[in-house]
Amino acid sequence: MTRFWVCIAGAGFFLALLVLHSRFCASRLPPHLHLAFKISWRAEEILYRLDVDWPKYSEYFTGATFCVAVDSLNGLVYVGQRGDNIPKVLVFTEDGYFLRSWNYTVDTPHGIFAASTPQEKSVWITDVGSGFYGHTIKKYNSFGDLVQVLGTPGKKGTGLNPLQFDNPAELHVDDTGDIYIVDGDGGLNNRLIKLSQDFMILWLRGENGTGPAKFNIPHSVTVDSTGRVWVADRGNKRLQVFDKDTGDWLGEWKNCFSEEGPSAVRFTPDGKYVVVAQLNLSRLLILAAPPVGNIGDCFVVSTIQLADQVSPHLLEVSRETGAVYVAEIGAKQVQKYIPVNSWHMAELPDLLDFYHFTSGNDCTALLIGLTRFEHHTFHQQQIITDVFYATQ
């Protein structure tokens with residue numbers, strides 16, 4: 001028992017030295033050693049971890065990956081990529097297995113959305129190409145057969161009858177079949193359009209500008225569970241929010257985007273968080289979702305800093321698992337991040353380290369366990385602590 005408390009005291013002293021050294025002496029270290037002694041003082045929670053096993057084989061990514069969609073109903077992931085003489089759409093399972101690819105009538109994909117029902121598997125693609133199929137929004141089945149075309153193929157414009165687009169960025173198809181489109185990734189238009197399921201215009205908001213309901217590159221759109229439409233107004237460095245039924249402007253979030261505007265926006269399935277991508281910063285922000293009836297200000301709960309020049313362009317969140325899929329045009333790949341509360345056997349080594357220490361009084365195992373312990377959520381720490389004391 002005496003050795004037990006000596007190990008505890010030694011571990012505490014060691015960690016205290018690391019903290020003091022990081023706080024007061026890190027600046028004297030050579031640059032390549034700073035990271036090794038860096039201790040975070042931020043109170044952000046770690047909510048996601050990278051799934052290094054997705055996809056099973058990454059060689060299928062042969063172009064710049066601009067967009068990703070998840071069909072949670074059927075467990076499918078669609079990836080849109082650009083390049084010459086390559087398949088423009090790749091289809092994977094949510095487990096990471098490659099199924100098929102297709103290239104029919106797809107010119108230059110920008111955004112993609114899966115809107116499946118038990119009766120139909122549908123995939124929508126916004127096409128910003130200059131060829132015959134450019135400046136359109138197209139509906140496909142899961143095998144790439146063209147079902148519907150919105151817009152005037154090959155002709156950009158601002159018209160509403162017939163409907164025309166210029167670099168349509170992304171769309172969201174609601175469970176009711178209504179369609180929300182952000183049109184204007186650097187083109188003639190800066191607008192948000194709502195269409196009915198039979199493609200009639202229900203309302204339209206926006207023009208180029210900085211005021212409420214005006215846009216400068218509306219780049220991504222989603223709808224939350226309370227009936228609010230969220231638009232990533234990338235050039236104006238903000239998220240704008242609208243009423244889903246009336247199109248009325250409800251507010252904006254700007255305080256989280258002083259460095260760079262959002263390029264993508266999605267909600268987690270439980271509605272607790274807003275996941276945002278920042279392209280040039282190569283960063284993902286996880287924001288606290290606002291309550292019903294109150295937009296307020298945005299608050300950063302957690303960040304995922306990617307490597308330089310990874311460039312996360314658009315992303316999608318699985319309704320079933322909560323996993324976040326990120327299309328990275330710089331890295332030319334899609335990566336999957338899974339919620340840390342989905343951990344099970346993958347975290348067993350931490351428990352074994354603690355058990356090894358408690359049964360064998362191994363000081364090295366204690367230091368390993370304490371180091372890993374810091375990176376868990378509160379719930380995980382409670383489980384590890386319970387195991388620790390149960391073995392005493």
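- For residues 105-123, the set of pairs meeting the salt bridge (charged side-chain N to carboxylate O under 4.0 Å, His left out) definition, not counting sequence neighbours, comprises Glu120-Lys139.
- Residues in residues 136-164 take part in these ring pair (Phe, Tyr, Trp, His ring centres under 6.0 Å) pairs, two or more places apart or across chains: Trp102-Tyr140.
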Side-chain atoms of residues 310-319: list all donor-acceptor pairs with protein atoms under 3.5 Å, sequence neighbours left out, distances to 0.1 Å.
unit_1 : atom_1 : unit_2 : atom_2 : d
His313 : ND1    : Phe66  : O      : 2.7
His313 : NE2    : His110 : NE2    : 3.4
His313 : NE2    : His219 : NE2    : 3.2
Glu316 : OE1    : Arg266 : NE     : 2.9
Glu316 : OE2    : Arg266 : NE     : 3.3
Ser318 : OG     : Ser72  : OG     : 3.4
Ser318 : OG     : Glu94  : OE1    : 3.2
Ser318 : OG     : Glu320 : N      : 3.2
Ser318 : OG     : Thr321 : N      : 3.2
Ser318 : OG     : Thr321 : OG1    : 3.3
Arg319 : NH1    : Asp175 : OD1    : 3.3
Arg319 : NH2    : Asp175 : OD1    : 3.3

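- Across every non-hydrogen atom of Asp95 and Lys56, the tightest pair is O-CE, 3.2 Å.
- Considering only residues two or more places apart in sequence or on other chains, Lys156 meets the salt bridge (Lys or Arg N to Asp or Glu O under 4.0 Å) condition with none of them.
- Heavy-atom minimum distance, Ile338 versus Lys336: CG2-CE, 3.7 Å.
- In this structure, Gln309 places its CD atom where only 12 or fewer heavy-atom neighbours from other residues, nucleotides or ligands lie under 6.0 Å away.
- Under a cut-off of 6.0 angstrom, the local environment of OH in Tyr57 is sparse, with at most 12 non-hydrogen atoms contributed by other residues, nucleotides or ligands.
- Smallest separation of non-hydrogen atoms from Ser263 and Leu279: OG-N, 3.8 Å.
- Legend: ring pair (Phe, Tyr, Trp, His ring centres under 6.0 Å) pairs involving residues 254-290, not counting sequence neighbours, sorted by first then second residue: Trp230-Phe267.
- Applying the salt bridge (charged side-chain N to carboxylate O under 4.0 Å, His left out) test to every pair with at least one member in residues 224-237, sequence neighbours left out, gives these pairs: Asp224-Arg228, Asp233-Arg238.
- Within the structure, ring pair (Phe, Tyr, Trp, His ring centres under 6.0 Å) pairs that include any residue of residues 148-185 comprise Phe113-His172 (at least two apart or interchain).
- Closest approach of Cys298 and Leu287 over heavy atoms only: CB-CD1, 4.3 Å.
- By the neighbour-count criterion of 12 heavy atoms within 6.0 Å, atom CG of Asp270 is densely surrounded, having more than that number from other residues, nucleotides or ligands.
- Under 3.5 Å, the side chains of Asn189 and Asp166 contain no donor-acceptor pair of N or O atoms.
- Looking only at atom types and distance, the side chain of Gln305 has no donor-acceptor partner in the side chain of Arg283 under 3.5 Å away.
- Nearest heavy atoms, Pro339 versus Gly322: CG-O, 3.7 Å.
- At a cut-off of 3.5 Å, with distance as the only test, no side-chain donor of Gln278 or Glu259 sits close to an acceptor on the other residue.
- Take Asp71 and apply the salt bridge (Lys or Arg N to Asp or Glu O under 4.0 Å) test, not counting sequence neighbours, and it matches no residue.
- Between the side chains of Thr176 and Gln197, no donor-acceptor pair of N or O atoms lies under 3.5 Å.
- Side-chain contact, Ser220 with Glu170: a donor N or O sits under 3.5 Å from an acceptor N or O.
- At most 12 non-hydrogen atoms from other residues, nucleotides or ligands lie less than 6.0 angstrom from CG of Asp84.
- Applying the salt bridge (Lys or Arg N to Asp or Glu O under 4.0 Å) criterion to Asp174, with sequence neighbours excluded, gives Lys244.
- No side-chain donor-acceptor contact under 3.5 Å links Gln240 and Glu252.
- One hydrophobic cluster holds both Tyr104 and Leu76 under the rule that ILVMFWY side chains link at heavy-atom gaps under 4.5 Å.
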Show me, pair by pair, the donor-acceptor contacts under 3.5 angstrom made by side chains of residues 205-214, not counting sequence neighbours?
unit_1 : atom_1 : unit_2 : atom_2 : d
Arg205 : NE     : Gly247 : O      : 2.9
Arg205 : NH2    : Thr246 : O      : 2.8

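- Considering only residues two or more places apart in sequence or on other chains, Tyr337 meets the ring-ring contact (aromatic ring centres under 6.0 Å, His included) condition with none of them.
- When all heavy atoms are compared, the tightest approach of Thr105 to Asp127 is O-OD2, 4.1 Å.
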Side chain to side chain contact (heavy atoms under 4.5 Å, CB included) assessment of Arg82 paired with Val128: CA-CA 11 Å; Arg82 299 184 192 178; Val128 297; 3.5 Å; yes
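- Phe92 pairs in a side-chain contact (heavy atoms from CB on, under 4.5 Å) with only one of the listed residues (Val70, Leu99, Val79), which is Val79.
- Applying the salt bridge (charged side-chain N to carboxylate O under 4.0 Å, His left out) test to residues at least two apart or on different chains, none of the pairs has a partner in residues 288-315.
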